[in-house]
Amino acid sequence: MAEAVRVRFAPSPTGLLHVGGLRTALYNYLFARRHGGAFLLRIEDTDRSRYVPGAVEMIVESLRWAGLDYDEGPGVGGPHGPYFQSERLDRYREAADRLIASGDAYPCFCTAERLDAMRREREKARQSTKYDRRCLGLGAAGIERRRASGEPHVVRMRIPDERSVVVEDLVRGTVEFSTDVLDDQVLLKSDGFPTYHLANVVDDHLMEVTHVIRGEEWLSSTPKHVLLYRFLGWAPPRFAHLPLLLGKDRSKLSKRQADVAVSDYRAQGYRPEALVNFVALLGWNPGYDRDVFSMDDLMREFSLERVGKSGAIFDLEKLRWLQASYLRSLPREVLREELKPLLEARGWTWPGDAWLDRVLDLMIERIAFVREVPEKAGWFFADPAEHDAETVAKRWKPESRGLLSRALAVLERSPFDAGSLESEVRGLAEREGVAVSDLVHPLRLACTGMGAGPGLFALMETLGREACVRRIRRALGTLP
RNA sequence: GUCCCCAUCGUCUAGUCCGGCCUAGGACACCACCCUUUCAAGGUGGCGACACGGGUUCGAAUCCCGUUGGGGACACCA
């Protein structure tokens with residue numbers, strides 16, 4: 001119990017970081033931080049055929065963006081390196097040799113073709129498709145001869161007969177497997193690279209990992225790992241298998257069902273705090289009614305005991321809500337600086353920072369992403385190209401034209417602050433004997449081209465007299 | 001097919017370990033109302049679930065068994 005907690009996130013560099021991977025990494029990270037332990041990143045690049053150049057950098061970048069800094073791993077080093085499995089081949093080879101020597105593993109010369117044929121046949125006969133152990137009986141001399149002749153081979157673990165293997169899982173409790181459903185797993189491939197199972201066990205031991213926190217898809221291969229620890233004479237780590245993240249159709253979340261890459265969400269403008277908060281709540285809860293958590297809060301509160309067992313659908317609605325609320329909590333300067341390049345990209349200019357802050361103040365309650373300012377309120381920056389047809393149909397009445405031209409006359413002389421504008425317009429409405437809204441709606445339509453948006457008087461003040469007068473004149477000219 | 005896991009509102013979930021405090025709580029979404037020049041934001045309220053069947057018990061969302069449903073794993077991929 002006094003041992004220091006060490007956990008790891010161990011992705012394979014086959015593509016972008018997946019939101020499911022982000023959650024796994026997050027739980028590992030939070031668990032480490034909560035217990036004052038270490039969080040390591042290890043790259044499981046043992047399948048050279050699936051290796052994607054640049055994937056490591058993309059994964060690291062996504063983790064960094066999300067605020068998950070690791071204590072040991074690529075780029076930061078550490079006492080248990082290297083942190084790329086492809087650079088640790090000698091360790092796996094050594095472990096495999098030990099297993100062969102103890103009789104817990106054996107070389108296998110069967111070709112992929114033979115294995116295929118065997119599995120097909122067995123499947124037809126409705127038998128288990130486990131390896132038939134043809135190479136288990138090979139004598140030492142035979143093995144040596146075939147090895148010497150350069151015949152390719154793998155190393156398989158020898159699953160003991162008729163035993164049960166118990167996995168004590170921190171989230172699932174005791175799970176029991178019978179060894180006769182376990183296959184003689186390949187540990188070392190013919191190219192000399194280890195499979196996941198061997199590499200994972202060897203590295204977790206060598207890196208002194210105390211808790212293996214990973215997705216539920218690994219639960220069924222855990223008995224093999226437990227056996228490997230036993231064969232090697234090592235104390236196994238504690239296991240915690242997290243419920244899966246599901247797509248809308250309730251199957252394991254994958255591409256095609258939604259955007260799954262962390263970078264997709266980043267590109268759409270989601271805040272890392274929102275994504276992290278959202279994903280943290282998919283499978284974990286604090287035990288009391290609260291759903292907004294900063295990373296610090298999570299570090300303080302997280303515990304594996306409160307991780308659930310059932311899969312959670314990755315449904316974006318709550319993420320959008322979190323996103324909007326995080327956006328509103330951001331300082332104006334941050335929003336402003338993010339907004340500038342978006343405006344520049346459209347060729348729009350503005351009077352200065354203070355003015356931009358006013359725009360932001362008027363828009364902040366109405367957006368979830370900074371990019372929605374130019375998308376929904378471009379009229380702050382450029383005269384509207386047209387007037388929204390639906391609004392025209394709904395708000396532009398026969399008497400609107402006359403009302404608007406009289407309003408124009410008033411506005412040309414009125415002081416242009418929101419308070420004065422409001423009392424002028426209200427005064428006019430009273431003199432005309434109409435409702436304030438009969439003036440407000442046409443004015444909004446003229447000034448913004450739209451039927452919805454920030455309060456009219458504040459918006460007009462921000463726009464300024466010149467722009468408002470120009471737009472009202474233009475509306476008078478184009479509207480029926 | 002075999003093995004393993006899971007099962008409370010549409011979604012995320014509390015409650016399940018240690019049965020009564022649960023006429024099942026919260027959040028998102030949705031609906032209504034309030035605020036209001038619009039749209040939001042905010043406030044108030046509403047809609048809405050213990051998969052099913054058997055037990056055990058004075059009493060079961062909670063324990064047991066079964067059924068059904070869903071998911072995962074069964075590669076020289078991780």
Side-chain angles (χ1 to χ4, degrees), chain A residues 10-14 44-47 49-50 108 110-112 115-116 119 123 126-130 152-156 167 169 171-173 175-178 180-183 185-191 193-197 199-200 214-223 241 243-244 246 248-252 278 281-292 305-306 308-322 324-325 328 363-367 376 391 394-395 422 425-426 429 435-441 443-445 448 450-457:
Chain A
S12 59
T14 53
E44 311 228 324
D45 55 346
T46 58
D47 185 355
S49 68
R50 292 211 307 157
C108 169
C110 292
T111 60
L115 260 19
D116 269 2
R119 287 199 188 100
E123 194 159 335
R126 282 192 291 159
Q127 287 175 299
S128 138
T129 56
K130 290 196 303 185
H153 70 281
V154 302
V155 173
R156 288 180 181 277
V167 175
D169 190 278
V171 347
R172 276 156 222 282
V175 185
E176 196 173 343
F177 297 84
S178 163
D180 40 55
V181 302
L182 266 28
D183 198 357
Q185 184 62 239
V186 169
L187 298 178
L188 217 51
K189 304 182 236 181
S190 54
D191 63 0
F193 277 65
T195 57
Y196 171 87
H197 309 283
N200 207 256
R214 79 229 299 192
E216 192 192 342
E217 68 266 33
W218 294 109
L219 184 58
S220 43
S221 41
T222 305
H241 288 94
L244 259 18
L246 275 24
K248 280 255 187 257
D249 64 356
R250 290 214 153 264
S251 69
K252 192 162 122 179
F278 174 64
L281 260 12
L282 256 25
W284 172 85
N285 73 80
Y288 53 91
D289 295 332
R290 174 177 171 186
D291 35 33
V292 177
E305 291 81 64
R306 294 212 61 86
K309 299 189 206 331
S310 45
I313 294 181
F314 189 79
D315 180 358
L316 270 13
E317 297 200 274
K318 202 164 190 167
L319 172 59
R320 295 188 61 82
W321 170 76
L322 281 167
S325 103
R328 265 178 257 130
M363 290 305 294
I364 194 66
E365 307 277 86
R366 288 157 242 269
I367 58 173
K376 299 171 92 165
T391 309
K394 188 175 173 193
R395 308 287 195 190
E422 176 157 11
V425 169
R426 284 187 186 280
V436 183
S437 60
D438 290 331
L439 243 20
V440 165
H441 293 307
L443 275 168
R444 173 186 301 284
L445 183 62
T448 73
M450 307 186 75
L456 178 71
F457 306 111

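The sequence lines fix the lettering, A, B, ..., with proteins before strands; numbering per chain opens at 1. Computed from heavy atoms alone, side chains included, the values below leave out hydrogens, waters and symmetry copies.
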A:Lys376 and A:Met450 have their tightest heavy-atom pair at O-SD, 3.6 Å
Pairing partner (Watson-Crick or G-U wobble, both distances under 3.5 angstrom) of B:U36:
none
Which part of the nucleic acid, if any, lies within contact of A:Ser128, taking any heavy atom under 4.0 Å across all strands shown: a base, the sugar-phosphate backbone alone, or nothing?
nothing
Touch class at under 4.0 angstrom, heavy-atom based, for A:Glu123 against every strand present:
nothing
In terms of heavy-atom contacts, A:Pro223 and A:Leu182 come closest through CB-CD2, 4.0 Å
Distance between C1' atoms of B:G10 and B:C31 (Å, rounded):
14 Å
Reckon A:Val181 touches a base, only the sugar-phosphate, or nothing at all at heavy-atom distances under 4.0 Å?
sugar-phosphate
In whole angstrom, give the distance that lies between atom CG of A:Leu456 and atom P of B:U37.
11 Å
Rounded to whole angstrom units, what separation is found between the CD atom of A:Gln185 and the P atom of B:C3?
19 Å
In Watson-Crick or G-U wobble terms, with both distances under 3.5 Å, the base opposite B:C58 is B:G20
Expressed as a whole number of Å, how far does the P atom of B:A27 sit from that of B:G45?
10 Å
Regarding B:C5, can its base be found pairing with the side chain of A:Arg172 as donor and acceptor, where the two atoms are less than 3.5 Å apart?
no
Have a look at A:Arg50 and say if it touches a base, only the backbone sugar-phosphate, or nothing, with a 4.0 Å heavy-atom cut-off.
base
Give the rounded distance in Å between these two atoms: CG of A:Leu443 and P of B:U37.
14 Å
Base, sugar-phosphate or nothing for A:Val186? Non-hydrogen atoms, less than 4.0 Å.
sugar-phosphate
Contact class for A:Arg395 (heavy atom, under 4.0 Å): base, sugar-phosphate, or nothing?
sugar-phosphate
Who does B:U68 pair with, Watson-Crick or G-U, both distances under 3.5 Å?
B:A7
Looking at every strand, decide which applies to A:Phe457 at a 4.0 Å heavy-atom threshold: base, sugar-phosphate, or nothing.
base
Search all heavy atoms of A:Thr46 against all heavy atoms of A:Ala199 and return the closest pair with its distance.
CG2-CB, 4.3 Å
In whole Å, what is the span from the CG atom of A:Asp47 to the C1' atom of B:C76?
9 Å
Interatomic distance at C1', B:C58 relative to B:A14, whole Å
28 Å
Under 4.0 Å, counting only non-hydrogen atoms across every strand here, what does A:Pro11 touch: a base, just sugar-phosphate, or nothing?
nothing
To the nearest angstrom, how far is A:Asp249 atom CG from B:U11 atom C1'?
15 Å
Partner nucleotide of B:G1 by Watson-Crick or wobble geometry (both distances under 3.5 Å):
B:C74
So, does A:Lys376 get its side chain near the phosphate of B:A40, meaning an N or O under 4.0 Å from OP1 or OP2?
no
Is A:Pro194 touching bases, backbone alone, or none of the nucleic acid, heavy atoms closer than 4.0 Å?
sugar-phosphate
Is a donor-acceptor pair below 3.5 Å formed from side chain A:Thr195 to base B:C76, judging by atom type as modelled?
no
Grab the two heavy atoms, one from A:Gly283 and one from A:Pro243, that are nearest each other, plus how far apart they are.
CA-CG, 4.4 Å
Using a heavy-atom cut-off of under 4.0 Å over every strand shown, decide if A:Gly455 touches base, sugar-phosphate, or nothing.
base
Pick the C1' atom in B:C76 and in B:G54, then give their distance to the nearest Å.
49 Å
Nearest-angstrom distance, C1' atom, B:A40 to B:A49:
31 Å
Expressed as a whole number of angstroms, how long is the span from A:Met450:CE to B:U38:P?
16 Å
For A:Arg290 and B:G25, is the shortest distance between a side-chain N/O and OP1 or OP2 below 4.0 Å?
no
Classify the nucleic acid contact of A:Thr46 as base, sugar-phosphate or nothing, counting any heavy atom under 4.0 Å across all strands shown.
sugar-phosphate
Go through it in stages, so that I can follow the logic: the residues are A:Arg214 and A:Thr222, the test is side chain to side chain contact (heavy atoms under 4.5 Å, CB included), and I'd like the CA-CA distance, side-chain angles, deciding distance and then a yes or no.
CA-CA 11 Å; A:Arg214 79 229 299 192; A:Thr222 305; 3.2 Å; yes
Would you call the rings of A:Phe278 and A:Phe314 parallel, tilted or perpendicular, where under 30° means parallel and over 60° means perpendicular?
perpendicular
Give A:Ser310 one of three labels, base, sugar-phosphate or nothing, depending on what nucleic acid heavy atoms sit under 4.0 Å from its own.
sugar-phosphate
Candidate nucleotides B:C4, B:C76, B:G71, ranked by approach to the side chain of A:Leu115 - the nearest
B:C76
Using the P atoms only, state how far B:A29 lies from B:G70, rounded to an integer number of Å.
30 Å
Can you tell me, in whole Å, how much space there is between the C1' of B:C28 and that of B:A73?
33 Å
In short, A:Ser12 meets A:Glu44 closest at the heavy-atom pair CB-O, 3.3 Å
Interatomic distance where CG belongs to A:Leu188 and P belongs to B:A78 [whole Å]:
12 Å
Contact list (N/O, under 3.5 angstrom) for nucleotides 42-51 of chain B vs protein:
none

Using the P atom in both, what is the distance from B:C52 to B:U38, to the nearest Å?
46 Å
Once you round it to whole Å, what is the distance between P of B:U62 and NZ of A:Lys309?
15 Å
Over all strands shown, is A:Arg214 touching base, sugar-phosphate only, or nothing at heavy-atom distances under 4.0 angstrom?
nothing
Which of the following nucleotides, B:U38, B:G71, B:C4, is nearest to the side chain of A:Ser251?
B:G71
